[in-house]
Protein chains: 2
Amino acid sequence: MAGKISTDLIRGHTDTIILNVLRQGDSYGYEIYKKIIELSKRQYELKEATLYTAFRRLEQDGYILSYWGDETQGGRRKYYRLTDNGKQLYEQSRENWTFAKCILDKLIEGGVNDVLK
Amino acid sequence: MAGKISTDLIRGHTDTIILNVLRQGDSYGYEIYKKIIELSKRQYELKEATLYTAFRRLEQDGYILSYWGDETQGGRRKYYRLTDNGKQLYEQSRENWTFAKCILDKLIEGGVNDVLK
DNA sequence: GCCAAGTACCTTGACAGACATAGTAATATG
DNA sequence: CATATTACTATGTCTGTCAAGGTACTTGGC
């Protein structure tokens with residue numbers, strides 16, 4: 001994967017990324033894994049271990065729910081669906097991201113004069 | 001502090017934030033602590049424990065160096081200065097931030113149609 | 001028919017960053 | 001002279017991410 005991005009810069013946004021994918025409809029682990037790679041134009045890969053850890057966390061907290069897909073055709077797939085709480089969490093998290101982005105711009109790109117202006 | 005920002009969203013950017021402050025001239029722990037609060041318009045507080053941990057890390061890795069200030073006037077102050085490596089790291093980290101911001105926008109705000117466009 | 005690659009899921013253990021908490025000690029302020 | 005602020009440090013904990021490893025089924029090429 002060329003033009004990779006460091007893990008640490010994404011840290012803390014994993015849940016939001018997953019919720020965003022699920023906003024577009026129910027999906028299962030491996031598909032979500034692939035979708036995130038595609039969404040990032042192959043510049044970021046959320047590792048499977050991280051994904052499945054997040055699924056468990058999000059389900060336990062009631063932000064997503066899971067169900068097994070029809071196993072008669074193809075391999076077994078565990079689908080995930082956003083709950084109402086999950087939708088709310090996504091909206092909240094997106095706002096937080098917008099906010100954090102703004103602050104980080106000040107903290108990372110801002111020079112000394114920016115304080116005085 | 002009103003309109004706070006979650007820790008996790010800043011995680012991984014601590015070093016860059018410190019380096020940015022030091023770009024504006026040598027400074028010491030407590031002043032840097034205050035400056036970050038001001039730079040963020042009081043919306044973010046980098047905890048002291050985190051700061052001093054980062055100082056040690058950055059110094060060990062050669063990105064900053066430290067020296068004790070003149071103790072004859074006022075309390076003891078340990079000043080930090082950017083090294084050349086530190087300046088390079090800052091530039092690199094700022095680019096990474098710009099890059100990460102772009103990707104995260106796609107991953108957090110992007111809908112399904114964005115992939116097809 | 002068989003093997004490699006891809007699909008699909010999951011667990012365990014390790015690590016690193018951020019912080020809560022606690023502490024020391026000097027200076028400034030009223 | 002008591003209190004707040006300045007200033008630095010150490011210890012232990014928590015959480016998210018990942019590396020590494022594993023199981024099992026399906027698809028495609030030969």
Side-chain angles (χ1 to χ4, degrees), chain A residues 1 4-19 21 26-38 44-61 63-64 66-80 93 100 104 107, chain B residues 1 4-19 26-38 40 44-61 63-64 66-80 93 100 104 107:
Chain A
M1 195 177 289
K4 263 186 298 186
I5 186 173
S6 157
T7 288
D8 291 338
L9 303 185
I10 302 291
R11 200 186 179 98
H13 298 284
T14 302
D15 291 2
T16 313
I17 291 169
I18 293 171
L19 295 176
V21 171
D26 294 9
S27 187
Y28 56 95
Y30 195 72
E31 190 179 51
I32 293 169
Y33 168 76
K34 290 286 181 191
K35 240 176 198 169
I36 289 171
I37 291 176
E38 282 314 304
Y44 179 62
E45 179 194 6
L46 194 55
K47 300 299 183 299
E48 285 186 74
T50 309
L51 257 189
Y52 288 108
T53 306
F55 287 149
R56 208 178 316 129
R57 186 171 56 235
L58 287 167
E59 187 166 22
Q60 269 173 1
D61 295 347
Y63 298 118
I64 61 177
S66 68
Y67 57 95
W68 287 99
D70 184 7
E71 300 192 34
T72 57
Q73 47 193 29
R76 60 176 193 156
R77 288 170 177 172
K78 195 176 193 178
Y79 282 85
Y80 295 98
S93 300
L104 273 170
L107 290 174
Chain B
M1 193 176 293
K4 262 188 300 186
I5 184 172
S6 158
T7 286
D8 291 338
L9 303 186
I10 301 291
R11 199 187 178 97
H13 299 284
T14 302
D15 292 0
T16 313
I17 291 169
I18 293 171
L19 295 176
D26 294 9
S27 187
Y28 57 94
Y30 194 73
E31 191 179 51
I32 293 170
Y33 168 76
K34 290 288 182 190
K35 240 175 198 170
I36 289 170
I37 292 176
E38 282 315 304
S40 76
Y44 178 62
E45 180 195 4
L46 193 55
K47 301 298 182 300
E48 283 186 77
T50 310
L51 256 189
Y52 288 108
T53 307
F55 288 149
R56 208 177 318 129
R57 187 171 54 236
L58 287 167
E59 187 166 20
Q60 268 172 1
D61 295 346
Y63 298 119
I64 61 177
S66 68
Y67 56 94
W68 286 100
D70 183 8
E71 298 193 34
T72 60
Q73 47 192 29
R76 62 178 188 151
R77 286 171 178 171
K78 196 178 193 177
Y79 282 85
Y80 295 97
S93 300
L104 273 170
L107 291 174

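Every chain is numbered from 1 and lettered A, B, ... according to where its sequence line falls, protein lines coming before strand lines.
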Contacts of type ring pair (Phe, Tyr, Trp, His ring centres under 6.0 Å), residue A:Tyr63, not counting sequence neighbours: none

If I take atom CD in residue A:Glu31 and atom C1' in nucleotide C:dC9, what distance separates them, rounded to the nearest angstrom? 15 Å

Indicate, with a heavy-atom threshold strictly under 4.0 Å, whether B:Glu48 touches base, sugar-phosphate, or nothing. base

Contact under 4.0 Å: B:Tyr52 side-chain N or O vs D:dT9 OP1/OP2: no

Pairing string of DNA chain D (Watson-Crick or G-U wobble, both atom distances under 3.5 Å; | = paired to other strand) is ||||||||||||||||||||||||||||||

Distance, rounded to the nearest Å, where B:Tyr30 contributes OH and D:dT9 contributes P: 15 Å

Got a sec, which residues hit side chain to side chain contact (heavy atoms under 4.5 Å, CB included) with A:Lys34, two or more places apart in sequence or on another chain? A:Tyr30

Euclidean distance, atom OH of residue B:Tyr79 to atom P of D:dA7 [Å, nearest integer]: 8 Å

Pairing residues for A:Thr7 by the side chain to side chain contact (heavy atoms under 4.5 Å, CB included) criterion, not counting sequence neighbours: none

Apply salt bridge (Lys or Arg N to Asp or Glu O under 4.0 Å) to A:Lys47 and list each qualifying residue two or more places apart in sequence or on a separate chain. A:Glu45

Rounded to whole Å, the CG-P distance (B:Asp61 to C:dA16) equals 11 Å

Whole Å only: how far is the CH2 atom of B:Trp68 from the P atom of C:dA25? 14 Å

What protein N or O atoms touch nucleotides 17-20 of chain C N or O atoms at under 3.5 angstrom, if any, and at what distances?
residue	atom	partner	partner atom	Å
C:dG17	O4'	B:Arg11	NH2	3.0
C:dG17	N3	B:Arg11	NH2	2.7
C:dA18	OP1	B:Gly12	N	2.8
C:dA18	OP1	B:Thr14	OG1	2.6
C:dA18	OP2	B:Thr14	OG1	3.2
C:dC19	OP1	B:Thr7	OG1	2.6
C:dC19	OP2	B:Thr50	OG1	2.6

Looking only at side-chain N and O atoms, does A:Arg76 come under 4.0 Å of OP1 or OP2 in C:dT7? no

Using side-chain heavy atoms (C-beta onward) and a distance below 4.5 Å, is B:Tyr44 in contact with A:Leu104? no

Can you list everything that forms a salt bridge (Lys or Arg N to Asp or Glu O under 4.0 Å) with B:Arg56? Sequence neighbours excluded, please. none

A:Ile17 CD1 to D:dT17 C1': how many Å, rounded? 12 Å

What's the closest nucleotide to the B:Lys34 side chain, out of D:dT6, C:dT11, C:dG6? D:dT6

Rounded to the Å, how far apart are B:Arg56 CZ and D:dA7 P? 20 Å

Does B:Tyr28 put a side-chain nitrogen or oxygen below 4.0 Å from OP1 or OP2 of D:dA7? yes

What pairs with B:Thr53 under side-chain hydrogen bond (donor to acceptor under 3.5 Å, both in side chains), at least two apart in sequence or on another chain? none

Select base, sugar-phosphate, or nothing to describe what B:Tyr33 touches, counting heavy atoms under 4.0 Å on all strands. nothing

For the student: nearest non-hydrogen atoms of B:Tyr80 and B:Glu59, plus distance: CE2-OE1, 4.3 Å

Round to a whole Å and report the spacing from CD1 of A:Ile18 to P of D:dT17. 8 Å

List in chain and number order the residues that pass ring pair (Phe, Tyr, Trp, His ring centres under 6.0 Å) with A:Tyr79, two or more places apart in sequence or in another chain; answer none if no residue qualifies. A:Tyr28, A:Tyr67

